[in-house]
Amino acid sequence: MKQETTDVLLVEDNPNDALLTIRSLKEGNLANEIVLLRDGQEAIDYLLQQGPYAGKKILLPKVILLDLKLPKVSGLEVLKVLRANPTTRLIPIVILTSSQVESDLIESYKLGANSYIVKPVDFENFSKSIREVGLYWLILNKPATFRSAP
Amino acid sequence: MRREVVQNNTFAKECPICSVKVDFIKSIGGSRFLVFLGTAVTLQVSVIWLEWRHFHKLHQGVFWASHGDQLPLASLVNLAFSLGLVAVVIVLMIRHNRLCSRTESVAQGVAHYARSLIEANLDPWVTISPDGKITDVNEATIQVTGCTREQLVGTEFSNYFTEPDKAREGYRRVLAEGLVRDYSLTIRHASGQLTDVIYNAALYRNECGKVQGVFAAARDMTRRKLVEKEIRQLNQDLKTRVEERTLALTEANERLQMAAEAATIGIWDWDVASNLIRWDSWMFRIYGIPETSNGMLSYAEWCASVHPDDLSLQEASLHQTVEKSGKQQRQFRIIRRSDKAIRVIRASDAAITGPDGKTRRIVGINLDITETVGRVEEIRGLNEQLAKRAAELESSVKELDAFTYSVSHDLRAPLRAIDGFSRLVEEDYASKIDAEGKRMLGVIRSEAKRMGRLIDDLLAFSRLGRQRIEPKVVEMAPLARQVFEELKALEAERTIRLTLHAIPPAFGTEPMIKQVWVNLIANAIKFTGKKIIAEIEIGALEGKEGERIYFIKDNGAGFDMRFADKLFGVFSRLHSAEDFPGTGVGLALVQRIIHRHGGKVWGEGKVDQGATFYFTVPDVKKQAPRVNSLPAQLNPKIIQPTEVYP
């Protein structure tokens, strides 16, 4: 059975940021399908098909846009869990955050983040950055072949 | 024997009559011979008389009838008898002579021996006749007078003394009393040298008991007097030295006492056997006990003053000092009797041992260190407070970190939303909003962006406080040039000239020093924005104390020196955002970096006549080369330009 996929999984607790991110992606006609999750625990449950998502059909994303400051489970912990799991180990993860704290940056790369983007404050730059991320990860980048979910 | 002495005496030899008589006697074998001769003659006379008066009649009838015939016979008998007697006398005489000559030779030996003793004696001996003339002397007398025997004998004895009258007085006393003891006189040598002597003198008599003169033996006192003088001198010296030493010791003791007094040290001396302790006045003061009249205190009284909790340990320690004859340093508490205050005492003691090696006394000092201990406690308390404050500060820094994180994340998101949604309104509702509405939306968006920049700068500023200072040699000229070129590239349409002098390296944390150049050069470029040609000059000076002063000078807008103190304040600006945009953080950041490196930064300027900013970065470890290590012609003022950038 071929695993059904989605273009982007966005993990973002701020609805405004989420809306602006989705709008920027759609404006560029880069992603048609975007899954939005509101906190770290939900992201883990969804991707590992556990908790509320146990036994449910999920869509594995081509790229995960992950905020660091998330309710319940932080972005870094989500990163750690996903990298430790064979199903999600190879999914490109882009950290999309407001944090410029160097320790966040270093820790993200150590845990296997593929990219680290600081969200620009002004919308024009922000929008431009999001479109470039989408272009790169969804069009230019060739991902590893998805394996079937167990 | 005595006769033999006399015989050999010069005195005897000098008497001619005696000499003949003696010689005669000697020649015929001595006095015993006269006795024998007398006896023989008497016997002979008696025989002749008997023959004549009795033997004649007795033997008349027996031998011869006729008178004429009888007489020759009697005479013949008589003659034979006389001859026999003579023979007997001769035999006896010969025997006697032999005996006498042996006795005489023994006597002569003894006399010689005695004379030798006399001569060998070191004390001057002399015999003086009853009329005061010297009759005999020994060798010592010759030595002490410097006159020969011949010169001396027969002369007035008192001539040889410094005080002849006293000498004669002594002589008279001998004659009167029989002897004189320890009679002091001074003999004058022929050369004038004087010899102090004491005389012991006695009469001497012949065998008949008749006074013959005075025998006087002197003892040379000069040497003894010298020795006595030496001893007196030595005693005097010793006395002087003892006095000096005593004085020195007294002074030392006084100094010690004064030092102890000044240092408020109490001194004690514990006699182990009597269990009594001698205290000085400071001991009494330390313990708050009235001074005893003799300064003594019992061991038990001391024990009573020691804090009960410390007593057993202190006693054990003291007894250890006694047993091991050692030294100890101790600290204990006492309860001062006068006010019942607990005082802390530092004690030091040492054992003094007797000849048997056992501890006799222990001497020591006591010092009240309560205040010192108090201060130590105080310092400890302050340290604890300091550590607590440091911990608080550290936690504050952590809070600040959290705050920074929160600011960077939480404040940016709303701004982004403001900006983003303003844009969305513009796009989605463009037809419903007029030009003024769109302008206002534009203001909202630009202000949101400005706030974003303020937040970014503020975060940069706060991050700086947490960055470590790791000074290394920073080559300033290439760094300044690189920064200038990067910033100039952003203003490609402008004409900006840089005069870069040969500036020496600095000793600092490179990324931070770079930030200083970035902010200062960016300012120079920004504030020269209204000039047709921007002139920027970067160089170094040497300060009064040899420190390096870097400067950057521009021909830009300058500033009013009245507001120079506001140059480096956070968010503080001397120009309007319309004229020159900015957040007012740049110079604050420069100042913070320079201060963190221990340097200084200041600015000089005039409105529309440019500004100059100066800063120093001290040698943290004096490792960076100094300005004055450059060639002399490059000193003192401005270092010659090496590169000019159009």
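Just so we're on the same page: letters track the sequence lines, and every chain starts at 1. Since this is a predicted model, take the numbers as computed values, not measurements.
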*asked:* Show, in sequence, the C-alpha distance, side-chain angles and deciding distance for Arg423(B) and Arg23(A), and conclude whether the side chain to side chain contact (heavy atoms under 4.5 Å, CB included) test is met.
replied: CA-CA 12 Å; Arg423(B) 226 273 336 253; Arg23(A) 176 149 176 156; over 6 Å; no
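- Near-neighbour residues of residues 125-141 of chain A relative to chain B, defined by a heavy atom under 4.5 Å from a heavy atom of that chain, comprise Phe126(A).
- A salt bridge links Asp17(A) with Arg416(B); the closest basic N to acidic carboxylate O contact falls under 4.0 Å.
- The structure places NZ of Lys119(A) at 13.0 Å from CG of Leu415(B), a figure rounded to the nearest 0.5 Å.
- Residues Ile418(B) and Phe123(A) form no side-chain contact, since every pair of their non-hydrogen atoms from C-beta on lies 4.5 Å or further apart.
- Heavy atoms from other residues, nucleotides or ligands lying under 6.0 Å from CZ of Arg494(B) number more than 12.
- Proximity to chain B (any heavy atom under 4.5 Å) is shown, for Asp122(A), by both the backbone and the side chain.
- Other residues, nucleotides and ligands contribute at most 12 non-hydrogen atoms within 6.0 Å of the NZ atom of Lys80(A).
- For the pair Leu424(B) and Leu20(A), the minimum side-chain heavy-atom distance is below 4.5 Å.
- Within a 6.0 Å radius of NZ in Lys72(A), other residues, nucleotides and ligands contribute 12 heavy atoms or fewer.
- No part of Arg453(B) comes within reach of chain A, as not one of its non-hydrogen atoms sits under 4.5 angstrom from that chain.
- Within 6.0 Å of CD in Glu392(B) there are more than 12 heavy atoms belonging to other residues, nucleotides or ligands.
- Contact between Asp419(B) and Glu124(A) at its shortest, heavy atoms only, is OD2-N, 4.1 Å.
- Open room surrounds OH on Tyr429(B); 12 or fewer heavy atoms of other groups in view lie less than 6.0 Å from it.
- For Lys110(A), the NZ atom is loosely surrounded, since the number of other residues' heavy atoms within 6.0 Å does not exceed 12.
- Only the backbone of Ala448(B) comes within less than 4.5 Å of a heavy atom in chain A; its side chain stays farther off.
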